[in-house]
Amino acid sequence: MPLSNTKRHYGAVTKTFHWTMALMILTLIGLGLYATSLPQSNDAELATRVRMYSMHKTLGVTTFLVALARIGWAISQPRPAPLPSQRRPEGFLADLGDWVLYAALVIVPLAGWLAHAAATGGAPIWWPFGENLPFVPQNAHLQILFDILHVTAGKVLIGALILHLAAALKHHVIDRDATLRRMLPGQTPLGPLGPTRRGRAPLGGAVAVWGATIAIAISIAGDAPDPNQ
């Protein structure tokens, strides 16, 4: 299996990035939900909660860096042509979902990292490069804003993942085409391909989704109680 993409197949690097990111995201979601649910009524419980949050933050920073590499690789590669079973509305939704997911891979962990940098104290990130970020002051208002953006964007990410999985299963179970199989190891026989359909509309839709998400987070943060009172 070649390393790079072709007009018919995804390469080994793209497939490795895809499944690595899927595993990291699912682990992050699980860690985040688990850490949030932990009690903190005594020192032992608090220590466990801090440890889980540190795992979540450290993996989140790693995911952010891997996501940048994954997006850079995707931009440099040709995208395989769609299968004939993919109708035009499905092609638009698939491209829209891809753009939303690409943005989520950056926005969700970056917002969490910014919230951490704006906070004083809290669970540390387990790495040797310091806890702060340049140009991000330690400020309670900023921490609240980035925390809310992290959670709100995370919900968009979860929704996009559910739709992505549902679309893959629809193609595999109902359409019985090779959409899912050609992201698996090896090369799947495909037969004829459909026409390549690329446009700016899906990118514009993704910008609208994330613009609305950020606006909602800012609105919620504006209504939050003043942390200094």
Side-chain angles (χ1 to χ4, degrees), residues 17 20-38 40 46 48-75 97-161 203 206-229:
F17 268 130
T20 300
M21 290 301 305
L23 178 60
M24 295 176 81
I25 291 168
L26 292 176
T27 303
L28 273 172
I29 293 172
L31 273 175
L33 294 175
Y34 177 63
T36 303
S37 71
L38 289 175
Q40 47 185 335
L46 182 59
T48 300
R49 184 182 174 96
V50 168
R51 186 166 59 252
M52 291 299 104
Y53 268 117
S54 286
M55 291 176 62
H56 177 78
K57 291 179 179 181
T58 305
L59 181 58
V61 170
T62 305
T63 301
F64 173 73
L65 299 176
V66 174
L68 293 181
R70 193 260 182 271
I71 293 170
W73 177 258
I75 292 172
D98 285 346
W99 282 114
V100 170
L101 281 173
Y102 282 149
L105 295 179
V106 174
I107 293 172
V108 176
L110 180 58
W113 195 0
L114 290 169
H116 173 82
T120 54
I125 298 174
W126 292 334
W127 71 340
F129 303 111
E131 299 293 311
N132 299 323
L133 286 173
F135 312 114
V136 180
Q138 292 184 325
N139 181 282
H141 291 285
L142 281 179
Q143 180 193 353
I144 290 173
L145 172 60
F146 291 132
D147 270 332
I148 291 173
L149 178 59
H150 179 65
V151 172
T152 306
K155 293 178 181 178
V156 175
L157 170 60
I158 292 172
L161 286 175
L203 174 58
V207 170
V209 168
W210 282 110
T213 302
I214 293 172
I216 290 170
I218 292 173
S219 176
I220 296 172
D223 294 335
D226 189 335
N228 297 318
Q229 293 182 353

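Note that these values count all heavy atoms, side chains included, but never hydrogens, waters or copies made by symmetry.
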Self-check item: side chain to side chain donor-acceptor pair (under 3.5 Å) involving Thr27 - partner list, sequence neighbours excluded
Solution: none
Practice problem: Applying side chain to side chain contact (heavy atoms under 4.5 Å, CB included), name anything that partners Val156, two or more places apart in sequence or on another chain. | Solution: Val100, Val209, Trp210, Thr213
Quiz item: Okay, side chain of Ser37, backbone of Tyr34: is any donor-acceptor separation there less than 3.5 Å?
Solution: yes
Quiz prompt | Counterpart residues, side chain to side chain contact (heavy atoms under 4.5 Å, CB included), relative to Leu33 (two or more places apart) | solution = Ile29
Quiz item: Does Ser54 use its side chain to pair, donor to acceptor, with the backbone of Val50 at less than 3.5 Å?
Solution: yes
Quiz item: Between Leu28 and Gly60, what is the shortest heavy-atom contact and its length?
Solution: CD2-N, 3.5 Å
Exercise. Hey, could you give me the CZ/CG distance between Arg49 and Leu46, rounded to the nearest 0.5 Å?
Key: 8.0 Å
Quiz item: What is the distance from atom CG of Leu157 to atom NE2 of His150, rounded to the nearest 0.5 Å?
Solution: 10.0 Å
Practice problem: Indicate the atoms forming the closest heavy-atom contact of Ala217 with Thr152, along with that distance. | Solution: CB-OG1, 4.3 Å
Self-check item: Close side-chain approach of Phe17 and Val66, heavy atoms under 4.5 Å
Solution: yes
Quiz item: CE of Met21 to CG of Leu105: how many Å apart, nearest 0.5 Å?
Solution: 4.5 Å
Self-check item: Validation row: Phe64, Val108 side chains within 4.5 angstrom (heavy atoms)
Solution: no
Self-check item: Sequence-distant partners of Asp147, side chain to side chain donor-acceptor pair (under 3.5 Å), two or more places apart
Solution: none
Practice problem: Hey, could you give me the CZ/CG distance between Arg51 and Leu38, rounded to the nearest 0.5 Å? | Solution: 9.5 Å
Exercise. Could you tell me the separation between the CG atom of Leu26 and the CG atom of Leu161, rounded to the nearest 0.5 Å?
Key: 7.0 Å
Quiz prompt | For Tyr102, all residues meeting side chain to side chain donor-acceptor pair (under 3.5 Å), sequence neighbours excluded | solution = none
Practice problem: Rounded to the nearest 0.5 Å, what's the gap from CG on Asn139 to CD1 on Ile144? Could you check? | Solution: 9.0 Å
What side-chain donor-acceptor pairs closer than 3.5 Å can you find for residues 109-128, not counting sequence neighbours?
from   : atom 1 : to     : atom 2 : distance (Å)
His116 : ND1    : Lys57  : NZ     : 3.0
His116 : NE2    : Glu131 : OE1    : 2.5
Trp127 : NE1    : Gly130 : O      : 3.1

